[in-house]
Structure formats: structure tokens, C-alpha cells
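First comes the structure, then the notes that go with it.
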Amino acid sequence: MINSPAYRNILAKAQEYNVLLIVVSKNQSIEDIQILYNLGQRDFGENRATELLTKYEALPKDIRWHMIGHLQSNKAKYIAPFIHLVHSVDSVGLASEIDKQAKKNSRIIPCLLQVRIAQEENKYGISQDKVIETLSVVKNLKNISIRGLMGIATNTKEAGQITSEFHNLKILKDQLIEIKMLHADSQLSIGMSSDWQIALIEGATILRIGSLLFNSVEK
Ligand SMILES: *Cc1c(COP(=O)(O)O)cnc(C)c1O
């Protein structure tokens, strides 16, 4: 079930900050996505390629689908024909495979580099000191276009830690723009249900919000 007041509240905030709100619809039904679509929502995020493909096939074709979860290289082909933005490029190998599948579909796929910012043992994301090295290789791929950075903060209640993790990623983005490794209008995809307010203050251009927008309990 959709939490409409939460959706309206976050959408209004996103618009106030001129930020894109992605509704993370993983584990949510086609019906609920359709309801949000009818309210005008067009950007949805999923973390599994196969679930994303199923939903793409069932829903209106003007939805902009975002791949936000870890993508196995062998699954890139499922989403390559239509994916709007891949947020989770975390290796040269994955970037090369997306590039190859994009070429097969005669398109250029926009991508973000996922950078590891959390202190906890996060499995995915490029470490901050490898970002320049990765970018310099990936920039040569003709059928993907790197549009910015994505990060997931530590799952903690300590706002100070989340703030500094987002802040570090914003500084990294600004430095990469400075040395022309990223375009000036590059994206910063940070902020989930628990930390989106911090992300807005720290320079998010894209929010990825799921659980806050859906009620799992029946009233
Ligand atoms: C699930 C998920 C989100 C949304 O998380 P919520 O806490 O439900 O808002 C955002 N980003 C990624 C990468 C996710 O996997």
C-alpha cells in the first residue's frame, strides 16, 4: 500500500531542492507502481535485473527505469535495451559488459559509478582511491556515458557519520569535475528512506526512496 502523505511530502521537498525523486519499487506490486504512475511518478528503481525486466514489460513504456542494485555482468543484456540509468557500476568489467550490450542495442547507456563510502563491510562500490583510475579506463568506452557518482551511507542512527560520508562523496565529485574527469552537471545519487534529509543538505541531485513510501502494515 502506498503511503500517499509521505510521497507528497518527499516529492515536494525534492522539487524544492530541484532533485530527482526515484521511487524504489523493489518487492512492490505492479498495481502499486501503476498507482504512483497515475499520480505522475515516472522514475522507478529496482535492484534486480530480472524483476526490473518483468516490471518493464508489464508497465507503461514511458517509465524511466533505474538499476540501483549490484548488477552481475551476465544480466546486463536483460536491461540494456531500455534502462534509463545504471547507478551501480562498480568495476571496469561490468562497465565493459554494459558497453558491449549497449552497442548491440545501438545506444549509449548513462551510468553512475558506485563509490564505497560506508564504514561497514559493504560488498559493492569502488573504493575512493580507485575512482580516478577506474574513470580513466571507463571514459574510453564508447557506448556508456558516466554521469556522476552514487553512494550508500552506513546504516546508522548517527547523523554525523552519515553527513560526513555524503560530504566526502560530494567533495570527490567536485574534485573530479575540477580535473575534468566528470562533467560539470554530474549527478550525485545519495539518500534513502533513513537519510534523505541529510542527503538533500549535502548536495544530492537524485534520491532513491523505497520503504518510506509504502506501508507494509494493514490498518
Ligand atoms: C533498497 C534500496 C534503496 C531504498 O531503500 P529504502 O531504505 O527502502 O528507502 C536505495 N538504494 C539502493 C541501492 C537500494 O537497494
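For ligands, and for the atoms within them, numbers begin at 1 and follow the listed sequence.
The side-chain heavy atoms of Leu182 and Leu149, taken from C-beta on, include a pair separated by under 4.5 Å.
On a distance-only criterion, Lys26 and ligand 1 share at least one N/O pair closer than 3.5 Å. Residue Ser194 places no N or O, backbone or side chain, under 3.5 Å from any N or O of ligand 1. Between Leu212 and ligand 1, not a single N/O pair is under 3.5 Å apart.
When heavy-atom distances to ligand 1 are checked against a 4.0 Å cut-off, His87 has no atom that comes that close, whether in backbone or side chain. Residue contacts with ligand 1, taken as heavy atom pairs separated by less than 4.0 Å, involve Val24 solely via side-chain atoms from C-beta onward.
Between His87 and His66, the ring-plane angle classifies as perpendicular under the 30° and 60° cut-offs.
Remark: the backbone N or O of Gln28 is not paired with any side-chain donor or acceptor of Ser25 at under 3.5 angstrom. Without hydrogens or angle criteria, Lys61 side chain to Leu59 main chain gives a donor-acceptor distance under 3.5 Å.
Ranking the protein heavy atoms by distance from atom 5 (O) of ligand 1 puts Met192 CE, 3.5 Å first. The single protein non-hydrogen atom nearest to atom 13 (C) of ligand 1 is Ile68 O, 3.4 Å, given as residue, atom name and distance. For atom 11 (N) of ligand 1, the closest heavy atom belonging to the protein is Arg208 NE, 2.9 Å.
Of all atoms in ligand 1, numbered sequentially from 1 with element shown, those under 4.0 Å from a heavy atom of Ser193 are 6 (P), 7 (O), 8 (O), 9 (O). Counting atoms of ligand 1 from 1 in the listed order, those under 4.0 Å from a heavy atom of Gly210 are 4 (C), 6 (P), 8 (O), 9 (O). Each of the following atoms of ligand 1 lies closer than 4.0 Å to a heavy atom of Ser211: 6 (P), 7 (O), 8 (O), 9 (O). Every atom of ligand 1 with a heavy atom of Ile209 under 4.0 Å away is listed here by number and element: 9 (O).
In Glu16, the CD atom is crowded: over 12 heavy atoms of neighbouring residues, nucleotides or ligands sit closer than 6.0 Å. More than 12 heavy atoms of other shown residues, nucleotides or ligands fall within 6.0 angstrom of atom CZ in Arg64.
The shortest non-hydrogen separation linking Ser88 to Leu94 is O-CD2, 3.7 Å.
Cation-pi check for Arg42 over Tyr37 is met; the charged atom lies under 6.0 angstrom from the ring centroid and within 45 degrees of its normal.
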